[in-house]
Number of protein chains: 2
Amino acid sequence: MTHTPPSTLGPRATQKLQTRQALLQAVLRLTEHQSLGGLSLREVSRAAGIVPAGFYRHFPDMESLGVALVEQSLGGLRTALRAVRVGLTESDEIARRSVEVLAREVRAQRDQFRFISRERYGGMQRVRQAIHDQLRLISEELATDLRSGDVTASSVLADWSEEDVRILTDMIVNHMTSTAAAIVDVPPGRPAVGHQVIATATTQLQLIIVGARHWLDPA
Amino acid sequence: MTHTPPSTLGPRATQKLQTRQALLQAVLRLTEHQSLGGLSLREVSRAAGIVPAGFYRHFPDMESLGVALVEQSLGGLRTALRAVRVGLTESDEIARRSVEVLAREVRAQRDQFRFISRERYGGMQRVRQAIHDQLRLISEELATDLRSGDVTASSVLADWSEEDVRILTDMIVNHMTSTAAAIVDVPPGRPAVGHQVIATATTQLQLIIVGARHWLDPA
DNA sequence: CTATTCAGCGAACAGGTGTTTACTGAGTGA
DNA sequence: TCACTCAGTAAACACCTGTTCGCTGAATAG
C-alpha cells in the first residue's frame with residue numbers, strides 16, 4: 001500500500017543532481033576570468049570530475065547549461081527582492097532596503113552575479129534572452145508593487161500611466177544591474193571600497209526617487 | 001636636402017595600416033554572435049585575409065587587439081559628446097541632444113558599440129580596464145562641463161560638492177551605456193522599436209535631471 | 001645601385017576540441 | 001529474484017588551436 005512516490009529522492013537521482021550541481025559550480029568557478037563562450041565542454045567536465053561524454057547526460061550543450069545557471073541565479077534574487085518589499089510603504093525605505101538586499105545577495109553569491117554580469121550582454125543568444133526575461137519579470141513585479149498596494153498610499157505614482165511606471169522601473173532595474181556589477185568588481189578584502197559603492201548606489205537611487213516625486217510638478 | 005619625414009605615409013606603412021584595419025574590422029564582424037574571448041587568432045587572421053603568423057606583425061595577442069578597438073571606438077564617442085555640449089546651457093537641451101548624438105553614433109557604428117557592450121563586463125581583463133578608463137574620462141568631462149562654463153548659469157549644480165557631481169555623472173554615463181546596448185539590440189529594419197527605445201531613454205534622463213534640480217530642496 | 005628592413009608566407013610542432021560509439025555496473029520496479 | 005534503466009566510462013574520430021621557424025620579395029635608406 002505504501003505506493004506514494006518517494007518524497008525524498010533515491011540515491012540514483014540524488015547523485016545525478018549532485019553531478020549537475022558540480023557542473024554548474026564548475027562553470028561559475030571557471031568564468032571568473034573568462035566568459036562562458038570561452039570555455040570548452042571538456043574543460044568544464046574535467047573541473048566537474050566527469051568524462052566529457054558524461055556531460056551530455058545533463059545538458060545537450062553549454063548554452064543550455066548557461067540558461068539553467070541564469071534561472072537558478074536570478075530566480076533567487078527575484079524572490080529575495082519581492083520579500084523585502086512586503087510591509088514597506090515609504091519609497092525611500094524601499095530604495096534603501098532594496099540596495100541592501102541586492103548588496104547582501106551579491107556578496108553571498110558573488111560568482112553567480114559575476115556570471116550574470118558577464119553574460120548579460122556578452123553571452124550566447126539564448127543565455128542573454130534568459131537574463132533579459134528574468135530582468136523583465138523583476139521590473140514588472142516592482143511596477144505592480146509600486147502601483148497597487150500600500151506603497152501608493154504615500155506615493156505620487158497613483159496618477160502615473162502604466163507606460164511611465166514601466167519606464168521608471170526599467171531604469172531602476174538597470175541601475176540595480178550596474179550596481180551589482182560594480183559590487184562584483186570590488187577587490188576582495190577591501191570592504192571600504194564596497195561601502196563606497198553601496199553608498200553611491202543608494203544616493204543615485206534616491207535621486208531617481210526625488211525625480212519621480214517631482215515628475216508631474218508644475219515647471 | 002629634402003630630409004623632412006614624409007607627411008604622407010609611404011606605400012609600405014599604408015598597406016600595413018590597411019591590414020591592421022582589416023584585423024579590427026574582422027573582429028567587429030566576428031563578434032556579432034560571440035565574444036572576443038570566444039574567437040581564435042586563426043579565425044580572425046583568416047577573416048582579415050592574412051596567414052596566422054602575420055597576426056603577430058600587428059598585435060602580440062588578441063587582448064591587445066581588443067584594447068586597440070576600445071580606444072578607437074570610445075575615443076570617437078567621447079569627442080562627439082564633447083562637441084555637442086558646446087554652446088548649450090539648458091540641461092534639458094543637453095540631455096535631449098546627448099541622447100540624440102548617442103543614438104546617431106550607435107547606429108552609425110553599430111558593431112563598434114556592440115563590441116563595447118559585449119566586452120564591458122564580459123571580456124578579458126585589459127579590455128575591460130580600457131573600457132572602464134574611457135568611460136571614466138567621459139564621466140569626468142561631463143562633470144567639468146556641468147560644474148564650470150555657461151551650463152551652471154541656469155543650473156543648481158553650482159552648489160553641489162564635487163563628490164555629488166561625480167555620483168550624478170556616473171549615473172548618467174551608466175544610463176548612456178544601457179541605452180547604447182538597448183539600441184544595438186534593436187532588430188534591424190524595425191525603426192519604430194528604435195524610436196521607442198530612444199524616447200524611453202530620453203524620458204529617463206529627464207527624470208534624472210528633475211531629480212537633480214530638486215536634490216537640495218527642503219523636504 | 002646596393003644594403004637593409006620587414007609584412008606576409010608556408011610548413012611544422014604538440015596539444016586541445018566536440019561528438020560518437022560500445023561498454024560497465026550500481027539502482028530500480030515488479 | 002530478475003530484467004532493465006541509465007549515469008558515467010574509455011577509446012577513437014577528424015579537426016582546429018597558438019606559436020615558432022626560416023623564407024621571400026617589394027619598399028626603403030644612403
Side-chain angles (χ1 to χ4, degrees), chain A residues 1-27 30-31 33-68 123-127, chain B residues 1-27 30-31 33-68 123-127:
Chain A
M1 311 286 182
T2 58
H3 269 281
T4 50
S7 67
T8 167
L9 272 50
R12 187 74 168 269
T14 304
Q15 167 62 20
K16 177 161 189 184
L17 263 181
Q18 274 184 13
T19 305
R20 185 191 151 102
Q21 281 300 318
L23 282 168
L24 297 177
Q25 278 296 326
V27 166
L30 294 171
T31 47
H33 295 299
Q34 53 191 321
S35 61
L36 184 66
L39 291 183
S40 73
L41 183 149
R42 291 180 106 104
E43 201 176 356
V44 173
S45 310
R46 207 181 305 131
I50 63 172
V51 95
F55 182 95
Y56 298 102
R57 299 279 178 204
H58 301 270
F59 304 100
D61 49 33
M62 293 261 292
E63 194 165 18
S64 306
L65 192 162
V67 171
M124 321 188 225
Q125 235 154 21
R126 283 175 47 215
V127 177
Chain B
M1 313 291 180
T2 58
H3 268 283
T4 50
S7 68
T8 168
L9 272 51
R12 186 73 169 269
T14 305
Q15 167 62 19
K16 177 161 189 183
L17 264 181
Q18 274 184 13
T19 305
R20 186 190 151 101
Q21 281 300 317
L23 282 168
L24 298 176
Q25 279 297 327
V27 166
L30 293 172
T31 48
H33 296 299
Q34 53 190 321
S35 61
L36 185 66
L39 291 183
S40 73
L41 182 150
R42 291 180 104 103
E43 202 176 354
V44 173
S45 310
R46 208 180 307 129
I50 63 173
V51 96
F55 182 96
Y56 297 102
R57 300 280 179 202
H58 300 270
F59 303 101
D61 49 32
M62 294 261 292
E63 194 165 17
S64 305
L65 191 162
V67 171
M124 321 188 223
Q125 235 154 21
R126 283 175 47 216
V127 176

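Just so it is clear: chains get the letters A, B, ... in the order the sequence lines come, proteins before strands, and each one is counted from 1.
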Between P of D:dA7 and CZ of A:Arg20, the distance in whole Å: 12 Å
Which value, rounded to the nearest 0.5 Å, describes the distance between B:Leu30 atom CG and B:Gln25 atom CD? 11.0 Å
Would you name the heavy atoms of B:Glu43 and B:Gly38 that are closest together and state the gap between them? OE1-O, 4.3 Å
To the nearest angstrom, the CD-P distance between A:Gln34 and C:dT17 comes to 11 Å
For every nucleotide of nucleotides 16-27 of chain D, 5' to 3': is a protein heavy atom under 4.0 Å from its base (B), only from its sugar-phosphate (S), or from neither (-)? -BBBBB-----B
What's the CD1-P distance between A:Ile50 and D:dA10, to the nearest Å? 13 Å
Would you mind reporting whether A:Ser64 and A:Val67 have side-chain heavy atoms less than 4.5 Å apart? no
For C:dA26 and A:Gln15 - does any side-chain N or O of the residue sit under 4.0 Å from the phosphate oxygens OP1/OP2? no
Can you measure from CG (A:Leu23) to CD1 (A:Ile50) and round to the nearest 0.5 angstrom? 4.5 Å
In the structure I gave you, are the side-chain heavy atoms of B:Asp61 and B:Arg126 within less than 4.5 Å of one another anywhere? yes
A:Met62 vs A:Phe55 side-chain heavy atoms within contact, under 4.5 Å: yes
